[in-house]
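Written below as structure tokens is the structure these notes are about.
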Amino acid sequence: MEPFNAEPTRSALISSYVTPVDFFYKRNHGPIPVVDDIERYSVSLSGLIKNSKDLFMKDICKLPKYTVTATLQCAGNRRTAMSKSRTVKGVGWDIAALGNAVWGGAKLADVLELVGIPYLTSITQSGGKHVEFVSIDKCKEENGGPYKASIPLSQATNPEADVLLAYEMNGEPINRDHGYPLRVVVPGVIGARSVKWLDYINIIAEECQGFFMQKDYKMFPPTVNWDNINWSTRRPQMDFPVQSAICSLDDVSVVKHGKITIKGYAVSGGGRGIERVDVSIDGGKTWEEATRYQRTGVPYIADDSSSDRWAWVFFEAEANIPQSAEIVAKAVDISANVQPESIDSVWNLRGILNTSWHRVHVRVGQANL
């Protein structure tokens, strides 16, 4: 099936803080390209800079290697639930179109220094303000041309933003599905900007004009439909909003006992940590705070250097539920951003950024065999 898209089960997703490669969601917009000749593979840097340059893998591997633990999330995560409110267009994701990996590679800021762009540059001398990533990947939305996206130069040249040209995932060379031999990882930003199978890096004056920057992955209000949409009225989505979901239970579950453990993930964009996760067993009337953790046994402090700022947190809460319960989770990030209560308030025709309270229904009793 092309393009190939897949997500793990809920329980598999939260079985490990660092998502095993086999359980990491796969999102593609075209056939997965094959790069056979790693010796000849190179990335071309050009555009509004003095000197263009072709970078081979050996050049990139000579730069200081960094590891960044970062959660990538598809903008369409939880789209299926949004489509139950009103029909939307897009891949029907449940709640597992995200994953947390340890990415290894060179910082983009160091790569750009090789072509004379210093750290913390927001505009080059010749007017470059954006860094465009062009993939080897070809897709029908680009009329057979390559997938592409861009980020601001100020983000690309900021070493604290941790944007990587990654060649490793969880300590192994990145596999084909995830962008072998080299991909971009833009932490804190929707997955669509972390371009796989990197071919070109262009320094450009305006943001990328590609389909997925200009005619997709934008957040429209619920009143906009396919007849009245004007894509140019909205900016391309970058950071993802605060999000959480319950993974230890299905949408409808039957449990043997009233005492249950509620587990899930919470994550926000832009490096904003998770300040709180609230859990309710009565549909949102009353709440209890869940415990939060990243690595087991290490206390999680949202904005502390001991925590992974680009990564999800897991949450856990014990509850005694009545015969039947609607269990709800909602997260709050360190900027006090909260998840909206209803899907209807964030409904949009492409079904992106469903960050509404996640609800599951549980009943105590015997499962029907």
Positive for ring-ring contact (aromatic ring centres under 6.0 Å, His included) with His29, one of Trp197, Tyr147, Phe4: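 Single pass found, and it is Tyr147.
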Between [Y] and [X], is there a side-chain heavy-atom distance shorter than 4.5 Å?
X      : Y      : answer
Ile327 : Ile262 : yes
Ile203 : Leu112 : yes
Ser150 : Met213 : yes
Tyr293 : Val313 : no
Phe133 : Leu108 : yes

Can you find a side-chain donor-acceptor pair between [X] and [Y] that sits under 3.5 Å?
X      : Y      : result
Tyr119 : Asp110 : yes
Glu132 : Gln209 : no
Asn202 : Ser46  : yes
Asn348 : Lys218 : no
Gln237 : Arg193 : no
Ser135 : Asp199 : no
Thr291 : Glu316 : no

For a quick test of reading the model, state the closest non-hydrogen atom pair linking [X] to [Y] and the distance between them.
X      : Y      : value
Val18  : Ala101 : CG1-CA, 4.4 Å
Gly284 : Trp357 : CA-CZ3, 4.3 Å
Val364 : Gln323 : O-NE2, 2.6 Å
Thr71  : Asn100 : OG1-OD1, 2.9 Å
Ala290 : Ala317 : CB-CB, 4.0 Å
Trp93  : Lys26  : CH2-O, 3.4 Å

Pair Lys65-Glu168, salt bridge (charged side-chain N to carboxylate O under 4.0 Å, His left out): steps then yes or no: CA-CA 10 Å; Lys65 179 184 170 186; Glu168 282 184 4; 2.8 Å; yes
Are any side-chain N or O atoms of [X] and backbone N or O atoms of [Y], one a donor and one an acceptor, separated by less than 3.5 Å?
X      : Y      : answer
Thr69  : Ala311 : no
Ser280 : Thr286 : yes
Trp103 : Ala70  : yes
Gln294 : Trp312 : yes
Asp333 : Ser335 : yes
Tyr200 : Ile136 : no
Arg292 : Phe314 : no
Asp216 : Phe211 : no
Asn77  : Cys74  : no
Thr80  : Gly92  : yes

Atom NZ of Lys129 with >12 non-hydrogen neighbours under 6.0 angstrom: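 No - once you tally the heavy atoms of other residues, nucleotides and ligands closer than 6.0 Å, there are 12 at most.
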Considering only NZ, NE, NH1 and NH2 on the basic side and carboxylate oxygens on the acidic side, decide whether [X] and [Y] come within less than 4.0 Å.
X      : Y      : value
Arg309 : Asp303 : no
Asp137 : Lys148 : no
Asp239 : Arg272 : yes
Asp94  : Arg10  : yes
Asp278 : Arg276 : yes
Asp308 : Arg295 : yes

ILVMFWY cluster, Val277 and Ile260 together (side-chain gap under 4.5 Å):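 In one cluster: yes.
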Linked, directly or transitively: Val267 and Met238 (ILVMFWY side chains, under 4.5 Å):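 Val267 clusters together with Met238.
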Residue of the set Lys285, Arg363, Arg359 for which salt bridge (charged side-chain N to carboxylate O under 4.0 Å, His left out) holds with Glu326: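 Checked Lys285, Arg363, Arg359 against Glu326; only one passes salt bridge (charged side-chain N to carboxylate O under 4.0 Å, His left out): Arg359.
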Rounded to the nearest 0.5 Å, how far does [atom2] of [Y] lie from [atom1] of [X]?
X      : Y      : atom1 : atom2 : result
Leu249 : Ile321 : CG    : CD1   : 8.0 Å
Glu318 : Thr261 : CD    : OG1   : 3.5 Å
Ile174 : Tyr180 : CD1   : OH    : 11.0 Å
Leu114 : Leu63  : CG    : CG    : 5.0 Å
Leu72  : Arg183 : CG    : CZ    : 5.5 Å

Aromatic ring pairing Trp231/Trp226, orientation class (parallel under 30°, perpendicular over 60°, tilted between):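 Tilted.
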Quiz item: cation-pi between Arg350 and Tyr217, 6.0 Å / 45°: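 Pair Arg350/Tyr217 counts as cation-pi.
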